[in-house]
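The analysis underlying the following values was restricted to heavy atoms, covering all of them including side chains, and did not include hydrogens, waters or symmetry mates. Chain A is the first sequence line, chain B the second, and so forth, proteins listed ahead of strands; every chain is numbered from 1. Nothing here was measured: the structure is a model prediction, and the numbers come from that model.
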Amino acid sequence: MASRLANWLDERLAWRQVWDAIFLRKVPKINWLFTLGSATLFVGVNQAVTGILLTLYYVPTPDHAYNSVQYITTEVTAGWLIRGLHHWGASALVVLTVLHMLRVIFHGAYKYPREVTWWTGVGLLLIVIGFGFTGYLLPWDQKAYWATTVGTRIAEVTPVIGNWILRIMRGGEELSAVTLARFFGVHIWVLPATVLLLVGAHLYLIIHIGISAVPKREE
Amino acid sequence: MKEEEKKEYLERYEEEKKKGVPFYPNILFKDAIVSLIMFVALLGLAFFVGAPLEERANPADTSYTPRPEWYFLFLFQLLKYFPGRLEVIGAIVLPTIALLLLAALPLLDRSARRHFSSRPLVIAGSSIVVVGIIVLTVLSVVEAPPPAETTQGDQVAALYTENCAPCHGPSISVPMGTNLHSVIALGKHEDMPAWNADLTSDEIDALAGFIQSPGGNQLFTQYCGDCHEVSDLVAGDLLELRRAIDLGAEYDAHDDADISDWSQEITAEQRTSLLNFLAAPDGQRLFALNCSSCHGRSVAYSGDQSDLEVIISQGGLHLDMPPWRDALEASQLDALARYVVDPSSEPGATDLFASYCAACHGERVPQSENFDTAREAIATGGAHELMPVWGEILTSEQLAALVNYTLDAAQGAGIDFGQQLFAQNCASCHGDFGEGGPNPALQGDIIAPISTAEYLTTRDDVTLRAIISQGQPNFGMSPFGSAYGGPLDDDEIDAIVALMRSWEDNPPVEFPPEVVVPPVPLSAEDIYDAVCSQCHGPAGEGLVGPELAGEAFASMYSDQELFAIIDRGRETTAMIAWGEILTSEQIDQLVFFIRGLSESQDTPTPSAASFSNDVVPILQAKCAVCHGSLGGWNADGYENVMTTGDNAPVVIPGDPQESLLAQWLLGTVPQGGLMPPSGMLPQDEIRLILDWIAEGALDN
Amino acid sequence: MEESQDINRRSFMSIATWAIGALISAAFAIPGVAYIIGPALRGREAQEWIRLGSTSKVELNVPTLFKARIQRKTGWIVNEEELAVYVRTDNGRDFVAMSNICTHLGCRVRWISDQDHFFCPCHNAVFDTEGNVASGPPPRALDRFEVKAEDGQLYVLGG
């Protein structure tokens with residue numbers, strides 16, 4: 001029955017071809033360091049799932065942000081778990097992204113023919129940092145407020161356009177409801193959309209070109 | 001990379017692939033295992049550490065040390081090495097260069113060599129960056145430890161340092177029997193402001209405890225502060241506090257807490273000081289919290305101090321009922337006992353109850369669970385009102401304070417609190433004794449007396465309380481209860497109600513004051529005495545209303561203007577339009593009479609009020625607390641007094657009527673309101689300031 | 001022989017991969033679903049005894065109006081509501097607590113002491129001292145609260 005359904009679908013979707021291309025492709029023998037990329041992807045998915053769940057209760061206004069986070073943490077069933085996973089996932093994502101990148105540098109895997117893969121990766125690193133920076137403000141606690149105050153002020157140091165950048169980031173001179181709303185918007189719409197695009201490209205290139213082999217001494 | 005090198009690489013890669021394994025399941029298996037490990041690690045962190053949440057963001061808190069999330073710490077630390085104008089290097093230039101290098105890596109490192117041993121430059125470079133980031137992060141953590149510990153400080157000591165220490169120094173010694181709570185709440189001596197607008201009742205209690213027993217506060221921080229907020233425990237139920245302190249780990253609510261045996265760890269003296277901190281030895285407060293629930297607010301006690309001490313410390317049974325078995329027959333006792341258990345079962349006992357019990361018990365039938373105890377109680381009589389054995393609960397300081405207060409209060413001091421509040425909040429409209437007067441909020445309306453027996457007997461406490469706390473907006477009375485935005489908390493309202501109740505037995509006013517007496521007396525002097533003097537003083541020296549006798553007033557208005565003011569009143573002040581009550585002939589006579597006042601009143605030639613000697617002390621004491629550092633009008637120094645303020649100038653030399661300062665002090669500003677908010681200044685102080693303005697507001 | 005070992009190894013790995021995948025998915029799904037439906041399953045907060053005031057304030061045979069402020073929490077927002085209750089007693093021991101909300105359309109009824117009944121001004125409904133409908137449109141008697149007196153204080157069960 002199951003195989004008949006599979007065949008029926010294959011006639012229409014050609015999924016076996018896709019499956020063969022993605023999963024049954026041959027890959028050079030590699031070591032455990034090569035799992036760092038997948039681990040990063042996994043934590044990214046973790047962030048997406050828990051992040052979507054968090055938006056069910058979170059309200060991005062100064063009036064409610066703190067209370068709703070507190071509500072999630074203390075009152076919603078398993079809320080502490082979802083928020084804990086998201087919080088620690090963020091740190092893990094930064095660590096894993098950097099470690100993954102160091103592995104690529106160590107193996108010279110950014111070289112021909114994988115330069116574009118590397119550039120998408122650098123873009124992803126920037127986006128992870130952006131996620132960290134925007135997500136940090138959302139609980140609207142003391143740490144969030146003041147760290148963001150300082151963080152945006154650092155951007156102001158930029159010559160010539162510094163103040164302009166600060167005002168765009170904060171949505172005005174002061175850290176306010178506007179700042180919170182736009183950080184939230186960037187955190188859950190702008191950055192995820194970009195991530196989707198770049199991760200798609202990154203994965204396509206990995207499958208298309210193939211994963212790099214462990215370089216031998218004479219290489 | 002040359003073309004042949006590229007080709008060579010692709011060929012070698014094809015070979016590697018052929019020797020390799022399929023992605024599924026070989027590689028995916030590894031990925032799955034690593035993902036599982038990551039997931040378990042995240043679960044563990046979420047479960048054992050959790051996601052932290054600090055206090056709600058407080059933009060006003062300038063003492064908070066901001067720290068970014070740990071993965072930005074290295075950047076944060078980097079900035080420390082680029083002070084001043086160099087900051088741009090650490091903040092922008094270096095990170096940008098690092099990012100550009102990272103992005104350009106494939107373009108910079110173009111050799112075909114991939115093994116790390118053949119690429120020392122790239123490996124060394126990136127190692128240096130990684131080590132640098134780690135070192136900077138560690139340095140940042142070491143140099144500025146997380147602020148978490150510093151926020152968990154001693155809350156009450158901080159409160160004291162912030163609010164009391166500037167004037168009182170590091171500690172205050174108060175005489176035994178000071179009612180500290182009300183001193184702090186209402187202010188007392190000249191320079192001490194009323195704190196009840198800025199501090200919560202709990203904070204005041206905590207401060208009182210801290211002042212009386214700083215050691216207790218330390219003990220609290222050490223032993224209790226980890227789990228308990230000060231505000232939850234101060235001025236709490238003494239019986240429970242004592243039990244919790246005595247029992248320590250054995251105390252029921254401490255079941256889940258990890259608490260060592262306090263009877264070993266804390267000495268008896270320390271326990272006393274801890275208890276003195278949690279419930280300051282402040283008789284008035286102790287009485288209000290612990291006694292008034294049974295004894296009511298008004299304190300009645302006749303007897304000497306030692307008796308009172310015995311009663312309070314021994315508690316127990318102290319209301320006597322006669323043993324009724326001497327007076328009643330057994331059947332009557334039975335009937336009464338049944339009646340007490342269930343009145344409907346023994347309708348016949350109603351008469352018995354009425355004749356023997358109602359004298360003390362009133363119409364209410366005391367409640368008893370079962371027949372036997374009821375019969376026993378009735379038959380043997382004796383003491384049957386239970387009071388806790390306070391001697392085992394109160395510390396000796398608390399006991400002494402309570403005894404002192406009860407004795408003082410029994411002599412009328414208990415009403416003092418209510419009296420004080422009434423004078424501050426109510427008397428300006430209702431008169432000092434609730435005798436009423438013209439309604440300043442409603443033109444032409446007269447506030448009826450609220451201290452007559454008739455008024456008081458027809459309103460119960462609930463009604464009075466509701467009127468005070470919710471106000472009577474229809475009649476221009478604003479709400480006074482803190483629940484409705486007013487200044488008084490429930491205790492204070494109760495105190496005012498208690499004061500009003502004290503009038504009931506002995507009303508200071510039996511009839512409405514003759515504010516409006518039809519038929520109107522004919523002579524201007526009578527009218528002045530009966531009506532005008534209420535506000536302007538019997539000799540026109542000014543009370544609530546402005547002074548009429550001085551030269552300043554005499555020169556301010558022509559006779560016509562004076563007539564017009566009396567005839568039409570002054571809007572938004574207590575000066576109503578008397579033209580509706582008095583004939584124009586009478587008003588004419590009044591004008592003449594008032595003119596006469598200023599001529600005959602040459603005597604009080606205001607001895608040239610001096611700014612530095614007379615005005616400054618008043619401003620310092622009553623205004624500068626708020627009008628100074630807070631912006632707006634600044635009461636400090638002649639220059640500031642004359643020139644600052646949102647509606648500057650507030651002083652118009654020679655014209656008290658138009659000077660905002662005077663209007664605020666008299667409560668005659670058009671938008672309504674009075675300064676200081678705690679209540680009008682004493683008349684002589686207002687006079688001084690008015691005189692000073694009238695004489696040209698000189699800097700003398 | 002070696003080949004069959006290899007096949008065994010592979011099938012083990014694929015089964016293990018799927019198992020781990022299922023495990024992680026379940027570990028997301030179960031708390032996830034609980035998280036979503038959690039607040040929906042939570043019933044109204046338990047009723048509790050609300051203190052009205054001293055029993056001594058209830059006059060004999062005259063329904064006396066008590067008001068108590070209660071806090072109702074929805075999500076993370078706390079609203080303060082006022083609960084108004086008429087309390088009546090014949091003997092100072094047994095108390096009856098009635099809501100002051102007319103059972104017709106929810107107007108507030110008031111006690112008219114001259115006429116010894118409750119009157120609802122919206123549609124001229126009249127309730128007797130026990131709260132039973134005397135005349136007018138209401139479908140049933142005034143709602144009652146469970147009431148108790150302890151230490152001279154009146155409590156009603158509500159929330």
Between L105(B) and E115(A), is any pair of side-chain heavy atoms under 4.5 Å apart?
no
Quick one: does F39(B)'s side chain get under 4.5 Å of V43(A)'s, heavy atoms only?
no
Note: vs chain B, highest number of non-hydrogen pairs under 4.5 angstrom among W140(A), W32(A), Y145(A) is W32(A)
Just verifying a value: how many Å separate M38(B) CE and L36(A) CG, rounded to the nearest 0.5 Å?
9.5 Å
Please classify the contact of S111(B) with chain A as side chain, backbone, both or neither, using a heavy-atom distance under 4.5 Å.
both
Gap between atom NZ of K143(A) and atom CD of E55(B) - 0.5 Å precision
14.0 Å
For Y110(A), is it the side chain, the backbone, both or neither that has a heavy atom under 4.5 Å from a heavy atom of chain B?
both
Flag the one option from S212(A), A92(A), G210(A) with the top tally of heavy-atom pairs under 4.5 Å to chain B.
G210(A)
Which heavy atom in T35(A) sits nearest to a heavy atom in K30(B), and how many Å separate them?
CG2-CB, 3.8 Å
Enter the distance from Y136(A):OH to Y71(B):OH here, rounded to the nearest 0.5 Å.
7.5 Å
If you round to the nearest 0.5 Å, how far is CG of L28(B) from OG of S38(A)?
7.5 Å
Looking at G121(A), A39(A), G132(A), which one has more heavy-atom pairs under 4.5 Å with chain B than the rest?
G132(A)
Side chain, backbone, both or neither: which part of I22(A) has an atom under 4.5 Å from a heavy atom of chain B?
backbone
Part of L180(A) within contact of chain B (heavy atom distance under 4.5 Å)
neither
Determine yes or no for a side-chain-to-main-chain donor-acceptor pair under 3.5 angstrom, with R25(A) supplying the side chain and F23(B) the backbone.
no
May I ask you to test the P68(B)-V150(A) pair for a side-chain heavy-atom distance under 4.5 Å?
no
In the structure I gave you, are the side-chain heavy atoms of H87(A) and V49(B) within less than 4.5 Å of one another anywhere?
no
Quick one: NE2 on H86(A) to CG on L42(B), what's the gap to the nearest 0.5 Å?
11.5 Å
With a cut-off of under 6.0 Å to the ring centre and 45° to the axis, is R114(A) in cation-pi contact with Y13(B)?
yes
For a side-chain contact (heavy atoms from CB on, under 4.5 Å) check, start with the C-alpha distance between F34(A) and D31(B), then their side-chain angles and the critical distance, and finish with the verdict.
CA-CA 9 Å; F34(A) 284 71; D31(B) 287 341; over 6 Å; no
What part of Q70(A) gets closer than 4.5 Å to chain B, counting heavy atoms only: side chain, backbone, both or neither?
both
Ranking L10(B), V34(B), L102(B), I33(B) by heavy-atom pairs under 4.5 Å to chain A gives rank one to L102(B)
Contact class of A213(A) relative to chain B, heavy atoms under 4.5 angstrom:
both
Which bit of L96(A) comes within less than 4.5 Å of chain B, counting heavy atoms only: side chain, backbone, both or neither?
side chain
Heavy-atom nearest pair, I154(A) first then A91(B), reads CG2-CB, 3.6 Å
May I ask you to name which of I105(A), I129(A), V214(A) has the most heavy-atom pairs under 4.5 Å with chain B?
I105(A)
R119(B) to H107(A) - nearest heavy-atom pair and separation
NH1-C, 4.0 Å
Part of L175(A) within contact of chain B (heavy atom distance under 4.5 Å):
neither
Based on non-hydrogen pairs under 4.5 Å, which of L41(A), N67(A), I82(A) is most in contact with chain B?
N67(A)
So V21(B) and K29(A), side-chain contact (heavy atoms from CB on, under 4.5 Å) or not? Walk me through it.
CA-CA 6 Å; V21(B) 290; K29(A) 279 199 170 145; 4.2 Å; yes
Between A51(B) and R83(A), the two heavy atoms sitting closest are O-NH1, 3.2 Å
Could you pull out the closest heavy-atom pair between A103(B) and V122(A), with the gap in Å?
CA-CG2, 4.3 Å
Tell me, do V88(B) and T158(A) make a side-chain contact under 4.5 Å, heavy atoms counted?
no
Below 4.5 Å from any heavy atom of chain B, which atoms of V157(A) appear? Answer side chain, backbone, both or neither.
both
What I'd like to find out is whether the side chain of L43(B) reaches to under 4.5 Å of the side chain of L81(A), using heavy atoms alone.
yes
Can you tell me which of W88(A), F42(A), W119(A) forms the most heavy-atom pairs within a distance under 4.5 Å of chain B?
W88(A)
Residues D109(B) and K111(A) bridged, charged N to O under 4.0 Å:
yes
Applying a strict 4.5 Å limit to non-hydrogen atoms, the region of L125(A) in contact with chain B is side chain
Min side-chain heavy-atom separation E16(B)-K216(A) under 4.5 Å:
yes
Can you tell me how the ring of F116(B) sits relative to the ring of F106(A), calling it parallel under 30°, perpendicular over 60° and tilted otherwise?
parallel
Given heavy-atom pairs under 4.5 angstrom as the criterion, report whether the side chain, backbone, both or neither of T149(A) touches chain B.
neither
Between P22(B), S117(B), A112(B), S35(B), which has the largest tally of heavy atom pairs under 4.5 Å with chain A?
S35(B)
Taking C-beta and beyond as the side chain, do N58(B) and Q142(A) meet within less than 4.5 Å on heavy atoms?
yes
Contact winner vs chain A - G90(B), P106(B), G20(B), S118(B), heavy-atom pairs under 4.5 Å
P106(B)
